[in-house]
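Inspection log for the structure reproduced underneath, given as structure tokens.
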There are 2 protein chains.
Amino acid sequence: MANPDAAPPLRADARRNRDAILTAAREVFASDGLSAPLDRIAKLADVGRATLYRRFPTREDLVRAIFQDNIEELQAIANELGDAPEAFWLILEAAVQQQRDNLGLVELFTRPPAPSASPSVGLADVRLPWSELIAGPLERAQRAGVVRPDLDPSDTGALLLMMGAMSSAVRYRDDADDRITRTLTLLRDALDPTGGPRELVPAGLA
Amino acid sequence: MANPDAAPPLRADARRNRDAILTAAREVFASDGLSAPLDRIAKLADVGRATLYRRFPTREDLVRAIFQDNIEELQAIANELGDAPEAFWLILEAAVQQQRDNLGLVELFTRPPAPSASPSVGLADVRLPWSELIAGPLERAQRAGVVRPDLDPSDTGALLLMMGAMSSAVRYRDDADDRITRTLTLLRDALDPTGGPRELVPAGLA
């Protein structure tokens, strides 16, 4: 979807570069954290350092662009699902997938404020867009009786962060998928106790 | 409690130094993360660098000692509570308090494996002692019907880590306490759906 604050459209080759850089940045930040060398991102994107710095003058610009893309992706899902009561849960699951294995996001939300040499993007930057995005679907799910009435958008943000941290912690385990699915089921029981307890997928290693 | 693998008892002044160092290390790792300068720990503990390095030759030794203390503290609580069905929940809450605001713990569990210049303590080191500690109380709570029967010790470890990440993320917010209490209530509903949904404390900021 169009973002009214966005810069004018890029030419096709510039757009390709931008997309390649963002894809690479997602991958590198996710696996190595936010202090990963930017050169690694340029190399993975197959662009020169100069191109990377022209498009994204600071590390912070890269992080913000990734967030913006994430929010737009979720907004597109929300638009497609419309007023369906299950939209709330589907958007939350899509957001969990975005956070999945993403060490960079976990760092961003949990580290001390504004350390030197780190981008000053933080929880506050995503809390508002996320809350605005999820407020409508949450309210409709609550009106339909499938989510507890006392939950607020901030609670869902906290649960998202927790899933991000949890999936980062288990990402090298053989049973990571089952672990994540089990935890998501537990959270669903927490948010919608009327349907629970739901069956958990079997655990792998104890 | 005595640890059979521990070194022989220290003289009183050495014990005082050790305790002061560990108290300082907890505070510094918790607020600044695991890469905080060890000199800051020595200064806060009011001991010389030589004393710190004699007692804890590596950063890893400090981290392991903190974990060991945490586990012993939880074991003492477990021993005191004995076979009471509510022991499971009280131990879990005590463990959440230990993790509370603890950036170091979150880093330890979520960062990539064995980066240079970081202690190689990791999730595997705490998973086993925690699982051994919580297995009995969990089983008794399940037999008493106050915790869902399909939960395993690993699930509780995941929830602990998630609470640690969540409390780190909100620690500079005015409503941090309420946020943490709300999330703990949600988790309790997830683990013991027979009693839920429980009432959430009011949220502060949205």
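Below, read A as the first sequence line, B as the second, and so on, with proteins coming before strands; counting in each chain starts at 1. When reading the values below, keep in mind they use all heavy atoms of this one structure, side chains included, and skip hydrogens, waters and symmetry mates.
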Identified side chain to side chain contact (heavy atoms under 4.5 Å, CB included) counterpart of B:L186 within the set A:D150, A:L187, A:L151: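 So the option named by the test is A:L151.
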side-chain hydrogen bond (donor to acceptor under 3.5 Å, both in side chains) contacts in which one or both residues fall within residues 39-53 of chain B, not counting sequence neighbours: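 Counting only pairs at least two positions apart or across chains, the side-chain hydrogen bond (donor to acceptor under 3.5 Å, both in side chains) contacts touching residues 39-53 of chain B are B:D32-B:R40, B:D39-B:R49.
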Charged N-O contact under 4.0 Å between B:R179 and A:D155: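 Yes.
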Residue pair A:M166 / B:M162: nearest heavy atoms and the distance that separates them: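 Looking at all heavy atoms of both residues, the closest pair is CB-CG, 3.5 Å.
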A:Q142 atom CD, neighbour heavy-atom count above 12 within 6.0 Å: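 More than 12 within 6.0 Å, yes.
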Rounded distance (nearest 0.5 Å) linking atom CG of B:L161 with atom OG of A:S167: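 Here the rounded value is 9.5 Å.
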Residue selection (most heavy-atom pairs with chain B, distance under 4.5 Å) from A:A165, A:A158, A:P197: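 Looking at each of A:A165, A:A158, A:P197 in turn, A:P197 comes out on top.
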Heavy-atom contact with chain B under 4.5 Å, split by part of A:R188: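 Neither part.
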Partner chain A: residue of B:T185, B:D189, B:L191, B:L200 with the largest heavy-atom pair count (under 4.5 Å):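 Looking at each of B:T185, B:D189, B:L191, B:L200 in turn, B:L200 comes out on top.
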